[in-house]
S.K.: 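I have a structure here, written as structure tokens, and I will follow up with some questions on it.
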Number of protein chains: 2
Amino acid sequence: MYVRLYIMSRKIMDTRTRILESAWKLLEAGQGQGVRMSDIAKAAGVSRQAVYLHFPNRAELLIATTRYLDEVNKTDERLAQSRGARTGEERLAAYIEAWGNYLPEIYGIAKALLAMKDTDKEAEIAWNNRMQAVRHGCEAAVKALKKDDMLAPGLSVTVATDILWTIMSVRSWEHFTMECGWSKKKYIERLKSMAHRMLVKS
Amino acid sequence: MYVRLYIMSRKIMDTRTRILESAWKLLEAGQGQGVRMSDIAKAAGVSRQAVYLHFPNRAELLIATTRYLDEVNKTDERLAQSRGARTGEERLAAYIEAWGNYLPEIYGIAKALLAMKDTDKEAEIAWNNRMQAVRHGCEAAVKALKKDDMLAPGLSVTVATDILWTIMSVRSWEHFTMECGWSKKKYIERLKSMAHRMLVKS
DNA sequence: CGTCAACTTTACATGATGTAAAGAAAAGGA
DNA sequence: TCCTTTTCTTTACATCATGTAAAGTTGACG
């Protein structure tokens, strides 16, 4: 019985994973645009209906894909590294650096979720959850600054977090890189500088 | 013949305007979400098909609505007032002020166009045109700063414009007001302060 | 050999956009 | 008054993606 269950779940995982992997790659390639359920199915080598055996709808497939990406990318670890910094300023810089390197990898799926957010309740909730996590990261960096007494005067922790959170948002990244043409390197460098000028006592 | 043409175009304008007005109000009320062609038609008191007699498709109706809004709101005038400022810093502040008061009025239609942008070429082009106009406004403000020799060292006009343009973008406004809960007044006040800290020599 | 789960295949419902075409109604011109 | 043209209505239909439903196939396991 145990053996059978094991093999069963291995098999389920296999197809399921293939679907998730296909979704990921297609979303990455298409920058989150124009990826249909049938495309994902075809790429995974299964019928369109088989996808619905594993995921109830498109929104949940996208959400599951983000979770899968988090696992594979070890997102938490990468973003948590900044916690090791000594000073608040170092921590802020490390967080921006990690985020700047991470964001391009998840942009495809992020954009697809963002588009669903407007029409799908589930997608909105899932997206908000992820963004709240980012906000917490921003808040931690701001609090580290404050602890060093390096937070710019006239800024509350909340407002400073709001600002950092917004300039680090996916939409702002999209604007800086796609509309303004900033490279990943420039993005990281300039965001650090912007955050420093805005948030750190001079 | 002239008279007839005149009366004709007056009549066309009437229904046409009613459609544009309805589109505007619905988009404003629905914050750009879930507004269908049939909703607009119903609100304008015409059949859905009649809308297609005046606008070839949804994208063009949305675009025409923005143009209509610009006319009614006298957008250019309002945004151009900042040109009267004496110093670069005043000009920057005036531009942000005008923008901060203007954006909430066009957010509904802006969001609808933004959503179409991902799938519709026409919508993308129309949107990009409008945003390039905003960019020019930002660039003018930055150049005014530079003329006063008040542009922060290490910042080129281009990069400074990129930054201002991004923090003033519709997406950033959306984030500050909807996600962070900033009021219009706070938004204007804080954006001025952010722009000042980032762009102006200290 | 039979069972069960995973998967395929086919068919269909939905909901929005957009096309097509025939007919009604109103308004102007002669 | 009558004719013509424009505007709008009505009805019908094509399309496209999502999602539901159900019957049939396949392969592993006991």
Side-chain angles (χ1 to χ4, degrees), chain A residues 1-20 22-23 26-27 30 32-65 112-113 115-123, chain B residues 1-20 22-23 26-27 30 32-65 112-113 115-123:
Chain A
M1 191 54 171
Y2 276 133
V3 175
R4 200 171 137 221
L5 242 173
Y6 170 69
I7 293 178
M8 253 176 57
S9 62
R10 245 191 71 90
K11 259 219 116 174
I12 290 175
M13 267 295 278
D14 268 1
T15 301
R16 211 185 114 95
T17 306
R18 237 163 45 231
I19 293 171
L20 291 170
S22 304
L26 286 177
L27 288 165
Q33 283 178 57
V35 176
R36 292 160 300 189
M37 296 298 268
S38 53
D39 295 327
I40 295 168
K42 190 181 283 179
V46 295
S47 69
R48 186 174 70 90
Q49 296 319 305
V51 177
Y52 286 98
L53 293 174
H54 294 275
F55 308 93
N57 51 48
R58 200 179 120 93
E60 295 234 35
L61 168 55
L62 292 185
I63 293 164
T65 305
L113 255 187
M116 283 217 88
K117 185 178 123 125
D118 287 336
T119 54
D120 190 287
K121 204 85 193 167
E122 276 188 295
Chain B
M1 190 57 171
Y2 277 133
V3 174
R4 200 172 136 218
L5 243 173
Y6 171 70
I7 294 177
M8 252 178 58
S9 62
R10 246 190 70 90
K11 259 219 111 174
I12 290 177
M13 266 296 278
D14 268 0
T15 301
R16 211 185 115 94
T17 306
R18 236 162 49 231
I19 293 171
L20 290 171
S22 304
L26 286 176
L27 288 165
Q33 282 177 57
V35 176
R36 293 161 298 189
M37 295 298 269
S38 53
D39 296 326
I40 295 168
K42 190 181 286 180
V46 295
S47 68
R48 187 174 69 90
Q49 296 319 304
V51 177
Y52 286 99
L53 294 174
H54 295 274
F55 308 93
N57 51 48
R58 202 179 118 95
E60 295 234 35
L61 168 55
L62 293 186
I63 294 164
T65 306
L113 255 187
M116 283 218 88
K117 183 177 128 132
D118 287 336
T119 53
D120 191 287
K121 204 83 193 169
E122 275 187 296

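So you know, we letter chains A, B, ... as the sequences are listed, proteins then strands, and number each from 1.
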S.K.: I need the CG-C1' distance between A:Leu53 and D:dA21, as an integer number of Å.
M.R.: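 To the nearest whole Å, that distance equals 12 Å.
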
S.K.: Starting from P on C:dA6, measure out to CZ on A:Phe55 and report it in whole angstrom.
M.R.: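 So the two atoms are 13 Å apart, to the nearest Å.
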
S.K.: Could you tell me the separation between the CZ atom of A:Arg48 and the C1' atom of C:dC12, rounded to a whole number of Å?
M.R.: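 My rounded result for the distance is 11 Å.
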
S.K.: What nucleotide among D:dT10, C:dG18, D:dT18 has an atom nearest to a side-chain atom of B:Ser47?
M.R.: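 Per side-chain heavy atoms of B:Ser47, the pick is D:dT10.
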
S.K.: Tell me whether B:Arg18 contacts the main-chain N or O of B:Ala44 through its side chain, where contact means a donor paired with an acceptor under 3.5 Å.
M.R.: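 At least one qualifying donor-acceptor pair exists.
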
S.K.: May I ask you to evaluate whether B:Thr15 reaches the phosphate of D:dC8, defined as a side-chain N or O under 4.0 Å from OP1 or OP2?
M.R.: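 Answer is yes, contact under 4.0 Å.
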
S.K.: Check B:Ala123 against B:Lys117 and note the closest heavy-atom contact, atom names and distance.
M.R.: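 So the minimum-distance heavy-atom pair works out to CB-N, 4.0 Å.
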
S.K.: Take atom CG of A:Asp120 and atom P of D:dT18, then tell me their distance rounded to the nearest Å.
M.R.: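 Atom CG in A:Asp120 sits about 12 Å away from atom P in D:dT18.
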
S.K.: Let's see if you can work this out: which of C:dA16, D:dT18, C:dT9 has an atom nearest to the side-chain heavy atoms of A:Gln49?
M.R.: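 The answer is C:dT9, which lies nearest to the side chain.
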
S.K.: A:Met116 CE to D:dG19 C1': how many Å, rounded?
M.R.: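 One finds 12 Å between C1' of D:dG19 and CE of A:Met116, rounded.
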
S.K.: Roughly how many Å is it from OH in B:Tyr52 to P in D:dT10, rounded to a whole number?
M.R.: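 Rounded to whole Å, this separation is 17 Å.
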
S.K.: Is it true that B:Lys42 and B:Asp39 have a side-chain N and a carboxylate O under 4.0 angstrom from each other?
M.R.: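 No.
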
S.K.: Whole Å only: how far is the CG atom of A:Asn57 from the P atom of C:dA13?
M.R.: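 After rounding, the gap between these two atoms is 21 Å.
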
S.K.: I want to check one thing: is the phosphate of D:dT7, taken as OP1 and OP2, less than 4.0 Å away from some side-chain N or O of B:His54?
M.R.: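 Looking at the OP1 and OP2 atoms of D:dT7, neither is under 4.0 Å from any side-chain N or O of B:His54.
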
S.K.: How many whole angstroms separate atom CD1 of B:Ile19 from atom C1' of D:dT7?
M.R.: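 In whole Å, D:dT7 C1' lies 11 Å from B:Ile19 CD1.
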
S.K.: Could you report the tightest heavy-atom contact between A:Ile40 and A:Ile19, atom names first, then the distance?
M.R.: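 For A:Ile40 versus A:Ile19, the nearest heavy atoms are CG2-O, 3.8 Å.
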
